[in-house]
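The sequence lines fix the lettering, A, B, ..., with proteins before strands; numbering per chain opens at 1.
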Protein chains: 2
Amino acid sequence: MTLPPYLAPVSRIDLDRSWGLRLMDPLPPADGARVVRRAVSLLREVSASRGNGATLKMLADGAGLAQPTAHRLLKVLQAEGLLERDPASRTYRLGSLLYEFGLAAAPRVDARRLCAGTLERITEAVGDTTYLNCRSGDDALCLDRREGASEIPALPIEIGNRRPLGVGAGSLAVLASLPSSEVDAVIAANAGRYRRHGLTAERIRTYVEATRARGFAITSGRIVARYRGVAIAIGNGIGGTPASLSVVAVAERLDLRRIELVARLLAREEKALRAILAIEPENPRKGIAP
Amino acid sequence: MTLPPYLAPVSRIDLDRSWGLRLMDPLPPADGARVVRRAVSLLREVSASRGNGATLKMLADGAGLAQPTAHRLLKVLQAEGLLERDPASRTYRLGSLLYEFGLAAAPRVDARRLCAGTLERITEAVGDTTYLNCRSGDDALCLDRREGASEIPALPIEIGNRRPLGVGAGSLAVLASLPSSEVDAVIAANAGRYRRHGLTAERIRTYVEATRARGFAITSGRIVARYRGVAIAIGNGIGGTPASLSVVAVAERLDLRRIELVARLLAREEKALRAILAIEPENPRKGIAP
DNA sequence: ACCATCAATTCCACGATGTGGAATTCGATG
DNA sequence: CATCGAATTCCACATCGTGGAATTGATGGT
């Protein structure tokens, strides 16, 4: 991805700002609950899988577990209802108990509601599929999506899907918006995972630099070469959580002119959204809107 | 007002005075993953807690774990983001990672959408708070809720909350709608949990009989004596999952006349809903409606 | 201020529990 | 039918989780 020189930065990203201290991982690795952590990382792997779900091999590899170990844990998770399995394809997907827990785990700030209008306006304007992404640990999470009128990727990201921070436009924009120390930590943590997306830690670092210089993120789908994404980080995130808006379309639709157009639109919407987010009070303990 | 025997308020039994009996591991001796099961049952306990969340003691007791064990597991679950903790009250509640998983774990049938109209009509008609409940393992789960104009319970059930099958009107209706063999199994499995709600397995059995004979469930709030509930099971459930509709109000609002009125309304709405459910196709892999 | 009480947290010796290499079965593909 | 990779089962070993006991912290009553 070369930088077209005339793509001037649309907005200044204020780097290295404190995110309000959201770290919770520094748990001594010696503490007694390896199994639980492994189980959770299997769940994360499953929710990173797209399409028809993930096979044992994929999950074991992804979580860095021996196959028999993964198998045993998956069986328990399935028995408990956290996972479901399609007997035909032998793939796992998230189970109904997780949906049920999700109902009870209302977020302190309802990002989807707050950004609904923004997503709709963008989709309306560009006609392509628009995403709301946020950070979740070392992953980017697809929080919401609006499908545009134009053709969409063959295997689109679904709401709730995860991928490593830095992989994909929306994800890259989120990563680049983190303080540098965080960026380094995340890239280091994800180093092993980039390979399966045809990337390397080194390349991600370059992308982050470019994204920061440019003010927004572009990707030319390395995985599926036909698609391209444009994304911009959302001010100080949503309720303290780093986030981004992104637009994905077939590559032909996103030539340089149009990239610039979309980027300007995203920048405008991001600014408006930031104003809304600044005003909106915390919505402390409310159920998910019906 | 004199109440028929089945309406007689149950006297409040002292909650959890004696736990001299410390039976460890009611968990079936299954293949290698006791920890994971314990962790999941802690999550279930947390999502059964109302109000400000659950303390270590409550959770350890509820899950039948020793306090240090529960403490260690809770710490890991928190570090992983499945739980959050309020440092002031030292209580746990479900964490944002569960919300995120919930986004990805779309149910095969969107019960909330299918029943939205029904809930609204009932609430409109009676003016009290209306619930949609379903079965989840040995628990009843609050899937959805509409608040009526009238006064609502001090500590209302929230969307996503769980309680043991049989405790509360909506939950009792679900239990009574199960095949007898299932009912026995569930009551046996929950036997230890009824006590903290001031109930016994024996009494639940009686309630189930009464509910089946009557065709709908009534409870006079055992926990907070001011409230009363009326509930009816939904035909063959929703997408194969047993479920119920319930109405809760302050006891004075629900005298015998009104109970009968509400019950008739519920029966009518249940019949209409059953017809809708019979037609509605499965909604295979769709995200949660925005 | 002081003690009493109960919850939360830390410690640690013990052994049950989870582990993963190896072997076996299953399923798809040519 | 043969071949290969994935899924599943087996099992001896020692790692990891366990819970009783001790310590610390919070709360409330007098």
Which whole-number value in Å describes the distance from [X] [atom1] to [N] [atom2]?
X	N	atom1	atom2	answer
B/Arg72	D/dG19	CZ	P	8 Å
B/Leu65	C/dA8	CG	C1'	16 Å
B/Gln67	D/dT24	CD	C1'	14 Å
A/Leu74	C/dG18	CG	P	15 Å
B/Leu56	D/dG19	CG	C1'	13 Å
B/Arg37	C/dT17	CZ	P	12 Å
B/Lys57	D/dA26	NZ	C1'	15 Å
A/Leu73	D/dC16	CG	P	14 Å

Below the 4.0 Å mark, does [N] have OP1 or OP2 next to a side-chain nitrogen or oxygen of [X]?
X	N	value
B/Arg34	C/dT17	yes
A/Arg38	C/dG18	no
A/Arg85	D/dT8	yes
A/Lys75	D/dT9	yes
B/Thr69	D/dT18	no
B/Thr55	C/dA7	no
A/His71	D/dT8	yes
A/Arg90	C/dG27	yes

*With the side chain of A/Pro68 defined as its heavy atoms from C-beta on, choose the nearest nucleotide among D/dC10, C/dT19, D/dT18.*
D/dC10
_Nucleotide of C/dT19, C/dG21, C/dG18 approaching B/Val35 most closely (side-chain heavy atoms)_ =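 Given the options C/dT19, C/dG21, C/dG18, the side chain of B/Val35 is closest to C/dG18.
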*Taking for each residue the nucleotide of DNA chain D with the nearest heavy atom, is it A/Ser89 or A/Val36 whose nucleotide lies nearer the 5' end?*
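Its nucleotide being nearer the 5' end, the pick is A/Ser89.
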*What do the steps show when you test B/Asp61 against B/Arg196 for side chain to side chain contact (heavy atoms under 4.5 Å, CB included), and what is the final call?*
CA-CA 10 Å; B/Asp61 288 350; B/Arg196 46 180 51 218; 3.5 Å; yes
*Is there a side-chain contact between A/Arg145 and A/Ile157, using heavy atoms and a 4.5 Å cut-off?*
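Side chain of A/Arg145 against side chain of A/Ile157, heavy atoms only: no contact under 4.5 Å found.
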_Need to verify one output field. Residue with the more 5' nearest nucleotide on DNA chain C, A/Ala66 or A/Ala88?_
A/Ala66
*Hey, are A/Ser47 and A/Asn161 close enough side-chain-wise for a donor-acceptor pair under 3.5 Å?*
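Checked: A/Asn161/A/Ser47 side chains show no N/O donor-acceptor pair below 3.5 Å.
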*Hey, which of B/Leu172, B/Leu178, B/Val183 is the one that makes side-chain contact (heavy atoms from CB on, under 4.5 Å) with B/Leu165?*
B/Leu178
*Under the criterion side-chain contact (heavy atoms from CB on, under 4.5 Å), which of A/Arg93, A/Gln78, A/Lys75 is the partner of A/Arg85?*
A/Gln78
